[in-house]
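Structure record follows, encoded as structure tokens.
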Amino acid sequence: MAHIDFNTHISVSFNKELEDLRNAVLVMGGEVEQQLLNVIQAIQFNEASRAEKVVLNDMRINQLEVEIDKECLRILATRNPTASDLRLVMTVSKTTTDIERMGDEIARVAKYISQGIFQIDEQIKLNTIVLGEEIIKMMQKTFDAFARQDVQSAALVFERDDIIDAKYEHIMLMLKDRLRHEVEQLDNWLAIMSGLRALERIGDHCKNLCEYIIYLAGGQDIRHTSTKKMQKKIKALISP
Amino acid sequence: MNLFSRKTTPLKKLTPENIAVNIESLSVELNNKVVLDNISMRIPAYSITSIIGQSGCGKTTLLNSMNRMNELITDHKITGHIWMDKRDINHKRENVARLRTNVGMVFQQPNPFPMTIYENVGFGLKLQQQYSRRQIDDAIEKALINAGLWDEVKDRLHEPAMILSGGQQQRLMIARALALKPQILLLDEPTSALDPLATLFIEELMQSLKQHTTIVMVTHNMQQAARISDYTAFIHKGELIEYTDSDSLFTQPKHKQTEDYITGRYG
């Protein structure tokens with residue numbers, strides 16, 4: 001299985017810089033995961049104050065993106081990284097952009113809750129929580145694959161997005177039904193649809209991250225390729 | 001949250017006790033030509049400072065100023081002050097021999113004496129005639145350990161230094177300088193004659209040496225300056241154009257001349 005050891009340079013300080021960079025992504029990922037947990041709880045218990053905290057904490061995630069990007073820039077300028085080192089720096093830079101956007105999607109849902117325009121009945125609430133939990137699992141598996149540079153795990157995460165899409169579509173069908181009968185609450189339903197769409201988008205960002213992980217560990221760019229070609233490339237990486 | 005362990009204190013935030021060398025309005029004329037023009041810079045202790053610039057800009061002259069090597073040129077005129085340990089080394093009463101013990105120097109080409117490895121490292125100590133044989137043995141071992149050479153030569157200390165490879169000879173030169181326990185180590189393009197792997201070993205050695213010694217290095221290799229130095233000074237036609245922490249200089253240079261030089265637009 002493709003795996004790169006970043007801890008084998010003659011320069012000990014370069015090892016440390018790359019290790020710090022990798023860890024910084026995991027720290028940022030951990031923050032976003034916590035944000036998602038909080039927003040799901042805010043939905044479950046209709047806690048506007050918890051949602052407000054999530055909105056405020058998004059600034060912190062934005063700041064982490066800036067800091068990590070700055071460090072990527074510094075390493076590019078001063079270390080002139082090549083091969084797997086270069087892939088790591090580029091991957092981290094792109095990964096943080098996607099994680100920051102995940103943070104934005106979560107903050108969007110939190111904002112609706114804090115504004116009181118995310119009022120949902122028990123049936124939709126239950127389905128939304130199930131969707132949220134599925135996204136948390138996907139996110140955890142993504143960051144785990146990043147930490148271990150595990151191509152196989154990253155490839156498996158792709159399949160989880162189909163589960164998320166199916167659950168999202170299921171809730172949307174229910175929402176359409178409600179909308180037909182409760183047109184007077186249009187603003188509320190639009191906010192809910194937008195919030196659910198934001199949650200579903202987190203799954204797409206996880207998929208992006210997995211593409212970067214496969215590029216990092218295996219050196220193969222699988223973006224914008226057909227499923228067949230993608231599977232072929234991944235298979236070649238897992239069992240060369 | 002502190003995500004990254006690498007941190008360099010900005011020059012402006014350094015206190016006087018963190019300064020190893022304080023250069024004030026230094027001007028140097030050699031053979032009636034102005035080589036350095038009114039240079040002022042504070043070199044932080046226990047760090048690596050690189051001096052970069054195109055050939056003939058005055059880099060080596062600035063380095064040589066720190067142990068008064070420029071005076072070996074017959075026609076010289078030096079003004080300004082260089083403070084080390086509250087002493088102006090340019091003062092006429094300064095003991096130059098003692099200064100050069102405190103400020104070691106390693107040149108571009110390794111230049112071992114035609115002697116054994118042991119004699120090369122112990123040469124300066126023997127000259128001082130104040131150490132016992134045991135003290136010299138200890139100092140040689142320590143210097144070779146610090147220069148990362150001990151394991152490679154401990155069983156052949158009495159063989160000629162010339163049999164060592166280029167990279168080993170350069171580390172031997174560093175050991176020779178370290179044996180005198182200098183506070184400051186001046187390196188004039190220390191890796192330009194070495195292959196990439198030997199270069200990386202020397203660079204790694206410098207990182208460990210800066211725990212106890214202040215290192216000032218002249219280099220033509222900008223990538224090397226970016227990689228290993230904490231601070232970088234850019235000199236152009238004898239003038240100090242920009243001097244700041246290396247991270248800032250190589251990512252956001254403040255002066256156009258610096259930007260043009262480090263991006264390969266001239267020089």
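The shown structure was predicted, so the numbers you read here are calculated from the model rather than taken from an experiment. Numbers restart at 1 for each chain; the letters A, B, ... are given by sequence-line order, proteins then strands.
Both the backbone and the side chain of A/Leu21 come within less than 4.5 Å of a heavy atom in chain B. With a 4.5 angstrom heavy-atom cutoff, A/Val12 touches chain B via backbone and side-chain atoms both. For a residue to count as touching a neighbouring chain, one of its non-hydrogen atoms must lie under 4.5 Å from one of that chain's; by this rule A/Glu17 touches chain B with the side chain only.
Around the OH atom of A/Tyr112, the shell of radius 6.0 Å holds more than 12 heavy atoms that belong to other residues, nucleotides or ligands. Heavy atoms from other residues, nucleotides or ligands lying under 6.0 Å from CE of A/Met59 number 12 at most. Within a 6.0 Å sphere centred on NZ of B/Lys181, other residues, nucleotides and ligands contribute 12 heavy atoms or fewer. In the displayed structure, B/Phe107 atom CZ is contacted under 6.0 Å by more than 12 heavy atoms of other residues, nucleotides or ligands. Within 6.0 Å of NZ on A/Lys111 lie no more than 12 heavy atoms contributed by other residues, nucleotides or ligands. Atom NE2 of B/His212 has 12 or fewer neighbouring heavy atoms from other residues, nucleotides or ligands inside a 6.0 Å radius. By the 6.0 Å contact criterion, CE on A/Met90 is open, its count of non-hydrogen atoms from other residues, nucleotides or ligands being 12 or less.
Nearest heavy atom pair, residue A/Glu67 against residue B/Phe4, reads O-CE1, 3.7 Å. When all heavy atoms of A/Asn80 and B/Gln223 are compared, the closest pair comes out as CB-NE2, 3.3 Å. When all heavy atoms are compared, the tightest approach of A/Ala77 to B/Thr251 is CB-CG2, 3.6 Å. Between A/Ser13 and B/Glu204, the closest heavy-atom pair is N-OE2, 4.3 Å.
How far CG of B/Asp247 is from CG of A/Leu73: 10.0 Å, rounded to the nearest 0.5 Å. Here the CG atom belonging to B/Asn2 is positioned 9.0 Å from the CG atom belonging to A/Asp20, to the nearest 0.5 angstrom.
Of the listed residues A/Leu64, A/Leu76, A/Ile68, the one with more heavy-atom pairs under 4.5 angstrom with chain B than any other is A/Ile68.
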